[in-house]
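What follows is a single structure, written as structure tokens, with notes after it.
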Amino acid sequence: MTRTIVESKTKTAIIGFDQPFCVIGERINPTGRKKLAAELEAGDFSTVEKDAISQVAAGATVLDINAGVVYNSNPNPNETEPPLMTKIVELVQGLVDVPLCIDSSVPAALEAGLQAAEGRPLLNSVTGEEDRLEFVLPLVKKYNVPVVAISNDDTGISEDPDVRFAVAKKIVERAADFGIPAHDIVVDPLVMPIGAMATAGQQVFALVRRLREELGVNTTCGASNISFGLPNRHGINNAFLPMAMGAGMTSAIMNPVALPTAKSKIAEKRAEIEAAGIILPADMDDEALCQMFGLGSTQFRAGKEMEAIRAANLLTNNDPHGGDWIRFNKPAGSAGADAGKSGGRRGGRRRTA
């Protein structure tokens, strides 16, 4: 069986056909997050700290680290991104023990992340573009790390799944020329939005099967791409992920966390209840109200996608004896419910995340 080994200093994550689905937490990424980008430029890493801890508590087994901020004070990412990548990698390693995925389009930032990372991180990413192949594959070999291979090349992203398969095959073959084995290549076949391409789901399922059967490689994807632009995205994602797993996909870059319910939404619900003449108990706090009326939670918690993944792990016999499923469904307040509060390590004192 193909197994891709990703390691921190103390933990190992195995991506493989006979392994539980590997969840790569995506939230430490300022792309599209103006608030986070502004914080990072100002040297404020509080959101990064929250995102690291909450994603591991929700079930992420690897954390993606992206430092792609375009500073207002210096718009040259080749100068600003490498030191920021180093800072974030070191910070996250001081909080949680899971392996990391070093994610950047800036070559110097990739190497900075590799130098700072403990263990054996996953590198994100190489494409079929010639300049990218010529820079990234020697890095992969030099640091002996696995790499995400994205199925686009100098011609862009093809809507033809056969072309995307051919690009993946090209990357695997070029990697072999550098002495990089197929088990260290994790292919992203590129998930298209189902709202723009009706066959997007069928395409990726067929591609994943081919990649597994013909190239013997593990696979990943940006899971939320499938639902882009559509209502009830979680509903689509919840169906897509188990289906992709059934086709042979072994990991996904995704958000494992359900964000806390906004205080404004809770206030609206209280006003609605009051207007209906319903009297709530005087001691009912916001969390109890959220639970009673299906508003989610005031706390960071595992998202619905994690429920779908854990159920699929159970159904594919990648959760021996159902232990993970049982732990996941323990009532709030039982053992493990506070994992995000106590997990991690600071100041060199290591504690399990």
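In this structure, Thr61 and Pro99 approach most closely via the heavy-atom pair O-CD, 3.3 Å. In terms of heavy atoms, Arg27 sits closest to Leu36 at O-CD2, 4.2 Å. Looking at every heavy atom in both residues, Ser251 comes nearest to Val186 through OG-CG1, 4.1 Å. Shown here for Ser54 and Val257, the closest heavy-atom pair between the two residues is O-CG2, 3.5 Å. Val96 and Ala52 get closest at one heavy-atom pair: CG1-O, 4.0 Å. In terms of heavy-atom proximity, Asp285 sits nearest to Ala288 at OD1-N, 2.8 Å.
For the atom pair Phe17 CZ and Asn318 CG, the distance stands at 11.5 Å (nearest 0.5 Å). Atoms CD1 and SG, on Ile24 and Cys101 in that order, are 5.5 Å from each other to the nearest 0.5 Å. Here the CD1-CG distance, from Ile150 to Asn152, works out to 6.5 Å after rounding to the nearest 0.5 Å. Atom-to-atom distance recorded for Lys141:NZ and Ile180:CD1 is 7.0 Å, nearest 0.5 angstrom. Here the straight-line distance linking atom CD1 of Ile53 with atom CG of Leu95 works out to 5.0 Å at 0.5 Å rounding. Distance check: Glu307 CD to His234 NE2 gives 12.5 Å after rounding to the nearest 0.5 Å.
The hydrophobic clustering, which links ILVMFWY residues whose side-chain heavy atoms are closer than 4.5 Å, places Met197 and Phe165 apart. Linking ILVMFWY residues whenever their side-chain heavy atoms come closer than 4.5 Å, directly or via other members, places Val136 and Ile171 in the same cluster. In this structure, Ile102 is a member of the same hydrophobic cluster as Leu84, with clusters built from ILVMFWY side-chain heavy atoms closer than 4.5 Å. One hydrophobic cluster, built from ILVMFWY side chains closer than 4.5 Å, holds both Leu133 and Leu114. In the hydrophobic cluster analysis, where Ile, Leu, Val, Met, Phe, Trp and Tyr join through side-chain heavy atoms closer than 4.5 angstrom, Leu139 is grouped together with Ile185.
For the side-chain hydrogen bond (donor to acceptor under 3.5 Å, both in side chains) with Arg3, the qualifying choice from Thr250, Asp18, Asn218 is Asp18, the only one to do so.
In terms of modelled atom types and a separation under 3.5 Å, the side chain of Asn238 and the main chain of Glu305 share a donor-acceptor contact. A donor-acceptor pair under 3.5 Å is formed between the side chain of Asp319 and the backbone N or O of Asp324. Judged by distance alone, the side chain of Arg132 and the main-chain N or O of Thr127 form no donor-acceptor pair under 3.5 Å. Side-chain N or O atoms of Glu41 include one that pairs as donor or acceptor with a backbone N or O of Ser73 at under 3.5 Å. Listed for the Gln55 side chain is a donor-acceptor partner under 3.5 Å among the backbone atoms of Glu26. In this structure, the side chain of Ser227 does not engage the main chain of Asn237 through any donor-acceptor pair within 3.5 Å. Listed for the Gln93 side chain is a donor-acceptor partner under 3.5 Å among the backbone atoms of Ala116. Checked by atom type and distance alone, the side chain of Gln203 pairs as donor or acceptor with a backbone atom of Glu159 at under 3.5 Å. In this structure, Arg33 contributes its side chain and Ile28 its backbone to no donor-acceptor pair below 3.5 Å.
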### Query
Between Arg164 and Ser151, is a side chain to side chain donor-acceptor pair (under 3.5 Å) present by the stated rule, with each step listed?
CA-CA 5 Å; Arg164 300 207 299 278; Ser151 300; over 6 Å; no
### Task
Starting from the C-alpha separation in whole Å, work towards a yes-or-no answer on side chain to side chain donor-acceptor pair (under 3.5 Å) for Asn29 and Thr31.
CA-CA 6 Å; Asn29 186 337; Thr31 304; 2.8 Å; yes
### Message
Could you go through Thr4 and Gln19, starting from their C-alpha distance and side-chain angles, then the distance that decides it, and tell me whether this counts as side chain to side chain contact (heavy atoms under 4.5 Å, CB included)?
### Response
CA-CA 10 Å; Thr4 304; Gln19 298 293 312; over 6 Å; no
### Query
Going through the checks in order, is the side chain to side chain contact (heavy atoms under 4.5 Å, CB included) test met by Leu122 and Thr220?
CA-CA 12 Å; Leu122 178 64; Thr220 195; over 6 Å; no
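Using a 4.5 Å heavy-atom threshold, the side chains of Val48 and Leu91 count as touching. For the pair Met192 and Ile157, the minimum side-chain heavy-atom distance is below 4.5 Å. Looking at heavy atoms from C-beta onward, Leu190 lies in side-chain contact with Asp188 at the 4.5 angstrom threshold. Here the side chains of Ile273 and Leu289 are in contact, with some heavy-atom distance below 4.5 Å. Residues Leu123 and Val140 have side chains in contact (heavy-atom distance under 4.5 Å, counting atoms from C-beta outward). Residues Pro75 and Val70 are in side-chain contact: their nearest non-hydrogen atoms beyond the backbone lie under 4.5 Å apart. The closest side-chain heavy-atom distance from Cys22 to Val62 is below 4.5 Å.
Ion pairing between a basic and an acidic side chain is recognised when a charged N comes within 4.0 Å of a carboxylate O; Arg209 and Glu213 show no such pairing. One finds a salt bridge joining Arg120 and Asp184 here, because a Lys/Arg side-chain nitrogen approaches an Asp/Glu carboxylate oxygen to under 4.0 Å. Ion pair Lys265/Glu268 not flagged as a salt bridge, since none of the NZ, NE, NH1 or NH2 atoms sits closer than 4.0 Å to an Asp/Glu carboxylate oxygen. The pair Lys11-Asp97 does not count as a salt bridge, with every side-chain nitrogen at least 4.0 angstrom from each carboxylate oxygen.
Applying the salt bridge (charged side-chain N to carboxylate O under 4.0 Å, His left out) rule to Asp286 yields the partners Arg270; only residues at least two apart in sequence or on another chain are considered. Remark: Asp44 pairs with no residue by the salt bridge (charged side-chain N to carboxylate O under 4.0 Å, His left out) rule, at least two apart or across chains. Under the rule for a side chain to side chain contact (heavy atoms under 4.5 Å, CB included), the partners of Thr12 that lie at least two apart in sequence or sit in another chain are Ile5, Glu7, Ile14. For Glu287, the salt bridge (charged side-chain N to carboxylate O under 4.0 Å, His left out) test picks out no residue, with sequence neighbours left out.
Atom CZ of Phe228 has 12 or fewer neighbouring heavy atoms from other residues, nucleotides or ligands inside a 6.0 Å radius. Remark: Ile278 CD1 is packed, more than 12 non-hydrogen atoms of other residues, nucleotides or ligands lying under 6.0 Å away. More than 12 heavy atoms of other residues, nucleotides or ligands lie within 6.0 Å of CG in Asn76, so this atom counts as buried by the packing criterion. Heavy atoms of other residues, nucleotides or ligands lying less than 6.0 angstrom from CE of Met292 number 12 at most.
Sequence neighbours left out, the pairs with a member in residues 167-181 that pass side-chain hydrogen bond (donor to acceptor under 3.5 Å, both in side chains) are Glu130-Lys170, Glu130-Arg174, Glu134-Arg174.
Grouping Ile, Leu, Val, Met, Phe, Trp and Tyr by side-chain contacts under 4.5 Å, direct or through others, puts Val208 with Phe21, Val23, Val191, Ile194, Val204, Phe205, Ile226, Leu230, Ile236, Phe240, Leu241, Met243, Met245, Met249, Met254, Met306, Ile309, Leu314, Trp325, Phe328.
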